[in-house]
Q: 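Right, I'll just put the structure down here and ask away after.
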There are 2 protein chains.
Amino acid sequence: MISLTEENYLKELFNLSSESGEVNVNELSKRLEIKMSTVTSMMKKLAEKELVHYESYKPLKLTEKGKIEAGLIIRKHRLTEMFLVEKMGFGWEDVHEIAEQIEHIQSVGFFEKMDEQLGYPTIDPHGSPIPDKNGKIVWPTYSKLSECKAGETVRLSAVINTSSEFLKFLNVREMKLGLKIKIKSIEIFDKSMEVSYGKKPSETLSNIVCERLLVEKEGRF
Amino acid sequence: MISLTEENYLKELFNLSSESGEVNVNELSKRLEIKMSTVTSMMKKLAEKELVHYESYKPLKLTEKGKIEAGLIIRKHRLTEMFLVEKMGFGWEDVHEIAEQIEHIQSVGFFEKMDEQLGYPTIDPHGSPIPDKNGKIVWPTYSKLSECKAGETVRLSAVINTSSEFLKFLNVREMKLGLKIKIKSIEIFDKSMEVSYGKKPSETLSNIVCERLLVEKEGRF
DNA sequence: ATATAAAGTTAGATTAATCTAACAAAAATA
DNA sequence: TATTTTTGTTAGATTAATCTAACTTTATAT
């Protein structure tokens, strides 16, 4: 049995390793807001349970079993977010906090019903892929908007940061997933971008923002 | 702040006192499947927090504050059960276990959305009243079917036991809330009742069952 | 009314999850 | 390379929630 606390460690390990590859105790500690000493002892416990490969002073790694368990928790989180947006009328900026709690509900039927009612979605409201019933996840090949070139037209496919402040920022600018964005020019000095999209003929997006927007390049035709 | 564990004690205290009036440590202990010694120490803790009136060897009583807090938890439980049945397609026999978990979710918006989508319901799928936003509850004046007389026609308004076995028993017999039931006769020996309802011209219900069915007497006309 | 049973309490131990403080290893820098 | 900083570990304490075992109070039954 995996405790709620252990679930949180597994989930953050999973998230951190998809973001930054290698995960160390310090990073995990900061992310969970739990002291390093506590993280170390929890890693030993999770290693006992064969959910984590742990060696002193080495980077942390989930075992295959750990990845699956983490994937299943993230599946519950993302299905919940989708349900909250699609079926309950929440904005994408309000769902994270609730999903953080509902992801720990133990009930196969509950999440199966959500999945079914949503028509078996594969991405959540922020564009992140939803792991399948076996906990497996496939990340589509998105690029950061910040890495695109002037003149390109791209489609907004996901957002990296799901903080409600960032999402509200996007709301104000009428930016949502699926939006077609044209990159008009890039300021070399600060890498800010002048773009057009929807009804907006010209908006400037800072590099900080562009780093957090994932896009797909439009087939040229 | 009230912990999840404390919430469970408050809720069971509330439920037991509406069922049986006075609540003692032993009953609460059995209901929560927690040893009496643990219950005693938790009662002292809840008394510290002014949620329970506690005196050694005396029956347990919620304070006004404790009743409100308990009412708010039960509100979340019953709104959830209603949501699961009405909006997610669960049967009334499957919702208790899930609601036991979701009742602990901390999010005002989540339960407000449920309430709104359900049209501000006042009873849950088992006929129990849903406490209002202030944690206040009003029990309608139901009678037990077992206390009715032969010849009476009554309407099934609530079920006392929400165990999935009992509810499945009712499902098999096509009994659901709102059903009009005619009491044809009562067997004096074991107090079982011969009744008719819906498409069933004659069914026998044991006293055990009749004790768990709450009904409203139909206005005679 | 006294003995027995049931209910309730107290003391002390246990477990999970956390912390602080001291120490050790690894990485960065002078 | 030697020193300093950062990162990681260990040891020991703390808190919440639980338990067992011993004891006490209240209720029940002869």
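All chains are named by letter (A, B, ...) in the order of the sequence lines, taking the proteins before the strands, and each is independently numbered beginning at 1. Since the structure is predicted, the reported quantities are computational estimates derived from the model, not experimental observations.
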Q: Collect all protein-nucleotide pairs involving nucleotides 25-27 of chain D in which both atoms are nitrogen or oxygen and the distance is under 3.5 Å.
A:
residue	atom	partner	partner atom	Å
dT25(D)	O4'	Tyr57(B)	OH	3.4

Q: Could you check how far CD of Glu7(B) sits from C1' of dA16(D), rounded to whole Å?
A: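 Atom CD in Glu7(B) sits about 15 Å away from atom C1' in dA16(D).
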Q: Can you tell me how far apart OG1 (Thr162(B)) and CD (Glu81(B)) are? Round to the nearest 0.5 Å.
A: 6.5 Å
Q: Going by heavy atoms in the side chains, are Thr38(A) and Met42(A) under 4.5 Å from each other?
A: no
Q: Could you list the residues that satisfy ring-ring contact (aromatic ring centres under 6.0 Å, His included) with His96(A), not counting sequence neighbours?
A: His77(A)
Q: Starting from P on dT15(D), measure out to CG on Leu4(B) and report it in whole angstrom.
A: 21 Å
Q: Atom CE of Met43(B) to atom C1' of dT18(D): distance rounded to whole Å?
A: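 It is 14 Å, rounded to the nearest whole Å.
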Q: Within this structure, what is the CE-to-C1' distance between Met42(B) and dC19(D), rounded to whole angstrom?
A: 14 Å
Q: With a 4.0 Å cutoff (strictly under), does any side-chain N or O of Tyr9(A) reach OP1 or OP2 of dA16(C)?
A: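 For dA16(C), neither OP1 nor OP2 has a side-chain N or O of Tyr9(A) closer than 4.0 Å.
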Q: With a 3.5 Å distance limit and no angle check, can you tell me whether Arg75(B) reaches the backbone of Pro131(B) through a side-chain donor-acceptor pair?
A: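 Yes, the answer is positive, given that a donor and an acceptor are paired below the 3.5 Å cut-off.
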Q: Hey, does the side chain of Thr63(A) reach the backbone of Glu50(A) with a donor-acceptor pair shorter than 3.5 angstrom?
A: yes
Q: Taking the cut-offs as 6.0 angstrom to the six-membered ring centre and 45 degrees off its axis, would you call Lys113(B) and Phe90(A) a cation-pi pair?
A: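 Here Lys113(B) passes the 6.0 Å and 45° test against Phe90(A).
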Q: For Arg78(B), is there an ion pair with Glu103(B) - N to carboxylate O distance below 4.0 angstrom?
A: no
Q: Expected output is a numbered-order residue list: members of residues 16-37 of chain B with a heavy atom under 4.0 Å from any atom of DNA chain D. What is it?
A: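 Ile34(B), Lys35(B), Ser37(B), in order of number.
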Q: Quick one: Lys44(B) NZ to dA16(D) P, roughly how many Å, whole number?
A: 16 Å
Q: Please pick, from dT9(D), dT9(C), dC19(D), the nucleotide with the shortest atom-to-atom distance to any side-chain atom of Thr40(B).
A: dT9(C)
Q: Within this structure, what is the CD-to-P distance between Glu55(A) and dT9(D), rounded to whole angstrom?
A: 11 Å
Q: Please answer whether the main-chain N or O of Ser163(B) pairs with a side-chain N or O of Asn161(B) as donor and acceptor at a distance below 3.5 Å.
A: yes
Q: Check every strand shown and say whether Thr5(B) touches a base, only sugar-phosphate, or nothing at a heavy-atom separation below 4.0 Å.
A: sugar-phosphate
Q: Does Lys76(B) use its side chain to pair, donor to acceptor, with the backbone of Ala99(B) at less than 3.5 Å?
A: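 The answer is no, because no donor-acceptor pair under 3.5 Å joins these two groups.
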